[in-house]
Amino acid sequence: TGASLADVMRYVERLAARKTPIIVHTNADRCAVNTAARAVAGRDGAADTWPAVGDPIIVVKNCYEAGVVNGESGEVIEWLDAEARGATARLTYGTFTAHVRRARVRFADGEVFVALVREAFGAARIESQTGLLRAAYAAIGTWATTEDWPMGEKPVSPILADYGWSYTCHKMQGNESPQVFVYAGETLGRGREEDRRWLYTAVTRARESLWLLTHARVGRWLGRGRA
């Protein structure tokens, strides 16, 4: 007990190497852990926004056309483009720009060809998913013919995804992993019913092994038998 997010960082290199999901409470913590995991994996921050081949990703918006749903995890298998293509979409409530690259991604149900959107990676909050997707579709339209696509078929849709080393519990719902690392941070532990549900959901994502690191407040809460 008594741990902070800084303590989580001591384990990131080992967990990232094993691709062990790290479950945290807030989007801010998730982004911080993903940044740390990318650093130990040799990614160069803002200069290297795209995930590398072999990196885990997580879908952040349902895309039924591609057969993937919000919270589903995958792995980049191959990039089909060395450079991204960009486009802008103007909606009544704003102007949005997206850059896309075509990729082959492995999900639990198999491999799919999709277009990944650079602006979704590393974003704690996407201002407008609709606006970003409109721009992404426009960028996809710059590939003029089906011959430009693998197997002569366009990806059915771009997908919005983020780096997949760290998850919020909300995104991890419905997923399981043999090993899971849970950080119950200082935003938990006030004895609320929603805190108990969060902790239960987080720890039950592990099929075999669980690491639980808690803030001092959460440790006291658990020690009083209130979980």
Side-chain angles (χ1 to χ4, degrees), residues 3-52 54-63 68-76 84 96-101 103 105 116-133 135-136 158-175 177 180-189 194-195 198-199 201-202 205 211-215 218:
S4 66
L5 186 63
D7 294 302
V8 178
M9 300 307 182
R10 296 180 4 226
Y11 299 93
V12 164
E13 183 172 6
R14 186 188 316 168
L15 296 169
R18 297 177 178 176
K19 297 184 180 176
T20 298
I22 304 170
I23 301 178
V24 295
H25 187 228
T26 67
N27 265 323
D29 286 352
R30 178 184 63 82
C31 288
V33 173
N34 274 331
T35 297
R38 297 190 76 237
V40 300
R43 313 295 178 254
D44 187 21
D48 186 22
T49 307
W50 296 102
D55 282 358
I57 63 172
I58 180 172
V59 177
V60 299
K61 181 176 175 58
N62 294 336
C63 181
V68 296
V69 296
N70 185 13
E72 188 168 354
S73 59
E75 180 181 340
V76 177
F96 304 90
T97 299
H99 295 82
V100 301
R101 285 174 72 190
V105 181
L116 295 177
V117 184
R118 187 182 70 189
E119 285 73 12
F121 287 97
R125 178 180 176 274
I126 296 173
E127 180 182 355
S128 170
Q129 292 182 335
T130 299
L132 189 56
L133 283 172
I159 64 170
L160 301 183
D162 199 357
Y163 310 120
W165 282 283
S166 183
Y167 299 70
T168 59
C169 197
H170 173 70
K171 293 297 184 188
M172 195 67 181
Q173 288 187 50
N175 292 325
S177 178
V180 168
F181 184 99
V182 176
Y183 171 56
E186 59 184 328
T187 51
L188 287 167
E194 63 194 73
D195 291 345
W198 184 93
L199 188 59
T201 302
R205 298 309 89 200
W211 288 269
L212 176 61
L213 193 66
T214 69
H215 186 269
V218 181

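This is a predicted model, so every value here is computed, not measured.
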Worked check of side chain to side chain contact (heavy atoms under 4.5 Å, CB included) between Ser73 and Tyr167: CA-CA 10 Å; Ser73 59; Tyr167 299 70; 3.1 Å; yes

Leu199/Leu212 under side chain to side chain contact (heavy atoms under 4.5 Å, CB included): CA gap, chis, key distance, verdict: CA-CA 10 Å; Leu199 188 59; Leu212 176 61; 4.2 Å; yes

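For the side chain to side chain contact (heavy atoms under 4.5 Å, CB included) test, residues two or more places apart in sequence or in another chain that qualify with Ala103 are Trp79, Val105, Leu116. Under the rule for a salt bridge (charged side-chain N to carboxylate O under 4.0 Å, His left out), Asp29 has no partner lying at least two apart in sequence or in another chain. Considering only residues two or more places apart in sequence or on other chains, Asn70 meets the side chain to side chain contact (heavy atoms under 4.5 Å, CB included) condition with Asn62, His170, Lys171. In this structure, Asn34 has no side-chain hydrogen bond (donor to acceptor under 3.5 Å, both in side chains) partners at least two apart in sequence or on a different chain. The side-chain hydrogen bond (donor to acceptor under 3.5 Å, both in side chains) search around Thr97 returns Thr88, not counting sequence neighbours.
Of all heavy-atom pairs between Ala36 and Val12, the closest is C-CG1, 3.9 Å. The minimum heavy-atom distance between Val117 and Pro158, with the atom names listed, is CG2-CB, 4.1 Å. Among all heavy-atom pairs drawn from Val180 and Ser177, the shortest one is CG2-CB, 3.9 Å. When all heavy atoms of Arg38 and Trp165 are compared, the closest pair comes out as CG-CZ3, 3.4 Å. Contact between Val60 and Ala161 at its shortest, heavy atoms only, is CG2-N, 4.0 Å. Across Arg30 and Thr168, no two heavy atoms sit closer than the pair CD-N, 3.9 Å.
The distance from atom NZ of Lys61 to atom CD1 of Ile159, rounded to the nearest 0.5 Å, is 12.5 Å. The CH2 atom of Trp50 lies 13.0 Å from the CG atom of Asp55; values are rounded to the nearest 0.5 Å. In this structure, OG1 on Thr35 lies 7.5 Å from CE on Met9, to the nearest 0.5 angstrom.
For the pair Thr214 (side chain) and Ala184 (backbone), a donor-acceptor distance under 3.5 Å is absent.
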Without placing hydrogens or testing angles, list every side-chain donor-acceptor pair under 3.5 Å for residues 118-128, not counting sequence neighbours.
from, atom 1, to, atom 2, distance (Å)
Arg118, NH2, His99, ND1, 3.2
Glu119, OE1, His99, N, 2.9
Glu119, OE2, His99, ND1, 2.6
Ser128, OG, Tyr93, OH, 3.3
Ser128, OG, Gly131, N, 2.9

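Considering only heavy atoms from C-beta on, Met172 comes within 4.5 Å of Pro21 through its side chain.
Residue pairs meeting the salt bridge (charged side-chain N to carboxylate O under 4.0 Å, His left out) criterion with at least one partner in residues 8-19, sequence neighbours excluded, are Asp7-Arg10, Lys19-Glu75. Sequence neighbours left out, the pairs with a member in residues 9-28 that pass ring pair (Phe, Tyr, Trp, His ring centres under 6.0 Å) are Tyr11-Phe181, His25-Trp198.
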